[in-house]
Amino acid sequence: MHSQTPTPDQTIDPDRTVQLLDTTLRDGEQAPGVSLSPDEKVELARSLERAGVSVIEAGSACTGAGERRAISRVTDLDLDALVTSFCRGIRGDVDQALECGVDGVHIVVPSSDRHVEGKVGTSRADNLATTAELVEYATEHDLWVEVIGEDGSRADLDYLAELAETSLEAGADRFCFADTVGHTGPEHTTAAVSRLAELGPVSAHTHDDLGLGVANALAAVSAGADLVHCTVNGLGERAGNVALEEVAIALSHVYDVETVDLETLYGLAQRVSRATGVELPPNKAVIGENAFTHESGIHTDGTLKDDKMYEPYAPETVGRERRLALGKHTGRAGVAATLEEHDVEASDDEVAEIATRVTELGDRGRRVTDADLLAITEDVTGDDRERVVDLLDLTATSGGAVPTASIRLDVDGEERVASGTGSGPVDAAVSAIREALGSSADAELESYHVDAVTGGTDAVVTVEVTMVRNDRSVTVARSEADITRASVEAMVDALDRLLAVDQRPLAPAGD
């Protein structure tokens, strides 16, 4: 990709080879509430392979038999990436990793006095001897070996260097500088990694507790590290590990150093989000919904004139698309562009009036959806639109063993009734909608958010959905006391807007 203009004092040479180690399946899974099934680990490992990740840490074999089965499933894929297991400084952990057929291990040993003496209860000298023995044992079994000096950012630097030297002399392939608790900054990282890089290959493992995960990772690379530990979406303990997508784009855009296939990053982020149940923050760099979304009238107008005006790199670089959002800051250019996306024509005067009404709606604290815009436009232009799909009746139950829903729709003047089951009443209702509409309504639910819930016995919930069909998307929000009805009304309205684009009659549901 085209990066920023290099400067004479650029600290990372574009000819450098830097690889990424992904630990989403191990360190990422240690985030509160995250648990990946063997099938999910396999799917994500394949996605990481397609992205071009060099090393995949598949888990901790010492966790238990279930984890070992999951790691074995990943090793059975015969990936080009190196597949590894996390090991404590115990020989038995290496044996369990060997049972899984991994290519390598990460042997984690204490490096700070807090961990050497306080956690493990040993001495510096005994820790060195134990580390050497473990490395020799692992290499005798033909394993790729990385030694991680746990809490390295708080270790005595002389001792950390001695631990690295001992590891490498015993046969380790590399030593990892670990900022285990996200404690340090770029200056100390640079000093520590520079010292370690004089001894042999170095990697970096950084956390984001101070918001310095990327800064420390780049400092480590600048100082000589050629492997960076990351997780997709920055998952991990506490504030998380450094995010793979952020390291990858920073190295590429700023330093012209390529690590992975950047176009796969957004799809990879979405798959990890679905598997872990951790939603992507809207303002998250690279993969957040707002990263390439423009609402401000000045920004929208500038972006429409020159797509580089308010973006550091093209959204397609990381598998994204540019979006124009509607709200109190939207100007006429944004309204006109959004109407054009929906194939809706309006005169200049009508666009100006629509923009005024959109601003007024935004001033009331409302997020303006596509459906809001189109409804305003129909009122301003006087164009009446006949609905393609209309909700007539909905019944949903969740008290039994299997949640069920039945639905009655008006589809092109024809009444259709269908029922469905699901994991919950909303899921059952969605199944019923698909059954009623058949293959003609092949829209995908891209996002589903419960945006607001009022308090009290008459609580109202607002559901916002975005649906996609044939490269078109529409966002609709509905507020109701019942979350199932709000969800179904939003989805039906979104489908109605999407299907209205096709002027052909809908096929019978059985087709």
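What's counted below: heavy atoms across the whole structure, side chains too, no hydrogens, waters or symmetry copies. Predicted, not measured: the structure shown is a model, and the values here were computed from it.
- In terms of heavy atoms, Leu212 sits closest to Pro186 at CD1-CD, 4.4 Å.
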Legend entry - Test log, rule side-chain contact (heavy atoms from CB on, under 4.5 Å), inputs Lys41 and Arg73: CA-CA 8 Å; Lys41 285 204 173 190; Arg73 290 273 306 277; over 6 Å; no
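- Residues Met467 and Met491 have side chains in contact (heavy-atom distance under 4.5 Å, counting atoms from C-beta outward).
- The backbone N or O of Gly234 lies less than 3.5 Å from no partner atom in the side chain of Asn241, so there is not a single donor-acceptor pair.
- Other residues, nucleotides and ligands contribute over 12 non-hydrogen atoms within 6.0 Å of the CG atom of Asp393.
- Between the side chain of Arg320 and the backbone N or O of Gly288, at least one donor-acceptor pair lies under 3.5 Å.
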Inset, instruction - Could you please spell out the steps behind the side-chain contact (heavy atoms from CB on, under 4.5 Å) verdict for Ser419 and Glu435? - result: CA-CA 7 Å; Ser419 60; Glu435 179 68 23; over 6 Å; no
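- Between Leu44 and Ile56 there is no side-chain heavy-atom pair separated by less than 4.5 Å.
- In this structure the side chain of Asp27 reaches within 4.5 angstrom of the side chain of Gln30, judged on heavy atoms.
- Of the possible donor and acceptor atoms, one in the side chain of Glu350 sits under 3.5 Å from a partner among the backbone N and O of Ser347.
- Shortest non-hydrogen contact noted between Cys176 and His205 is SG-CB, 3.6 Å.
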Inset, instruction - Report the C-alpha separation of His449 and Thr462 in whole Å, then their side-chain angles, then the decisive distance to 0.1 Å, and conclude whether the side-chain contact (heavy atoms from CB on, under 4.5 Å) test is met. - result: CA-CA 8 Å; His449 297 292; Thr462 298; over 6 Å; no
Inset, instruction - Would you check, one step at a time, whether the test salt bridge (charged side-chain N to carboxylate O under 4.0 Å, His left out) holds for Arg416 with Glu414? - result: CA-CA 6 Å; Arg416 295 187 187 179; Glu414 172 197 353; 3.4 Å; yes
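- The OG1 atom of Thr356 sits 10.0 Å away from atom CD1 of Ile354, with the distance rounded to the nearest 0.5 Å.
- Distance NE2/His207 to CG/Asn216: 11.5 Å, rounded to 0.5 Å.
- Using a 4.5 Å heavy-atom threshold, the side chains of Val18 and Tyr255 count as separate.
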Inset, instruction - Kindly indicate, with the supporting measurements, whether the criterion side chain to side chain donor-acceptor pair (under 3.5 Å) is fulfilled by Arg50 and Ser47. - result: CA-CA 5 Å; Arg50 286 193 292 271; Ser47 297; 3.1 Å; yes
Inset, instruction - Could you walk me through whether Tyr313 and Val286 pass the side-chain contact (heavy atoms from CB on, under 4.5 Å) test, one step at a time? - result: CA-CA 10 Å; Tyr313 55 89; Val286 187; 3.7 Å; yes
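- Heavy atoms only, all atoms of each residue included: Glu246 and Ala285 are closest at OE2-CB, 3.9 Å.
- A 4.5 Å side-chain heavy-atom check between Arg408 and Thr395 finds every atom pair outside the cut-off.
- Side chains of Thr84 and His106: a donor on one and an acceptor on the other come within 3.5 Å.
- Side chain of Arg434 to backbone of Ala443: a donor-acceptor contact under 3.5 angstrom is found.
- Between the side chains of Ser252 and Glu258, at least one donor-acceptor pair of N or O atoms lies under 3.5 Å.
- Among residues two or more places apart in sequence or in another chain, the side chain to side chain contact (heavy atoms under 4.5 Å, CB included) test is passed with Thr421 by Val402, Thr404.
- For the salt bridge (Lys or Arg N to Asp or Glu O under 4.0 Å) condition, no pair includes a residue of residues 421-430, sequence neighbours left out.
- Taken from OG in Ser487 to CG in Leu394, the straight-line distance is 9.5 Å, to the nearest 0.5 Å.
- How far CG of Leu235 is from OG of Ser273: 8.5 Å, rounded to the nearest 0.5 Å.
- Side-chain contact between Val492 and Asp390 is absent, with no heavy-atom pair separated by less than 4.5 Å.
- Annotation: the span from Leu265 atom CG to Gln270 atom CD amounts to 11.5 Å, rounded to 0.5 Å.
- Of the possible donor and acceptor atoms, one in the side chain of Glu29 sits under 3.5 Å from a partner among the backbone N and O of Leu36.
- Put simply, the side chain of Asp496 gets close to the backbone of Val388: a donor and an acceptor are under 3.5 Å apart.
- Between the side chain of Ser37 and the backbone N or O of Glu40 there is at least one donor-acceptor pair closer than 3.5 Å.
- Between Val247 and Thr259, every side-chain heavy-atom pair lies at or beyond the 4.5 Å cut-off.
- Glu57 places no side-chain N or O within donor-acceptor distance of the main-chain N or O of Val83, the cut-off being under 3.5 Å.
- Atoms OH and OG1, on Tyr266 and Thr317 in that order, are 15.0 Å from each other to the nearest 0.5 Å.
- Contact detail for Cys100 and Ile71: the closest heavy-atom pair is CB-CG2, 3.7 Å.
- Remark: the Thr206 side chain and the Asp179 side chain contain no N/O donor-acceptor pair separated by less than 3.5 Å.
- Heavy atoms of other residues, nucleotides or ligands lying less than 6.0 angstrom from CZ of Arg238 number more than 12.
- Only one option out of Leu48, Ile287, Val53 pairs with Val232 in a side chain to side chain contact (heavy atoms under 4.5 Å, CB included); it is Leu48.
- Here the closest heavy-atom approach between residue Ala428 and residue Gly420 is recorded as CB-O, 3.6 Å.
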Inset, instruction - Evaluate salt bridge (charged side-chain N to carboxylate O under 4.0 Å, His left out) for Glu289 paired with Lys284, printing each intermediate quantity in order. - result: CA-CA 8 Å; Glu289 181 181 347; Lys284 177 77 167 59; over 6 Å; no
Inset, instruction - Assess whether side chain to side chain donor-acceptor pair (under 3.5 Å) is satisfied between Asp22 and Thr24, documenting all intermediate values. - result: CA-CA 6 Å; Asp22 183 86; Thr24 304; 2.9 Å; yes
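- A heavy-atom distance below 4.5 Å is not found between the side chains of Asp410 and Val389.
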Legend entry - Stepwise salt bridge (charged side-chain N to carboxylate O under 4.0 Å, His left out) check, Glu489 with Arg485: CA-CA 6 Å; Glu489 287 186 353; Arg485 176 166 288 278; 3.6 Å; yes
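- The minimum heavy-atom distance linking Ala204 with Ala220 is given by the pair CB-CB, 3.5 Å.
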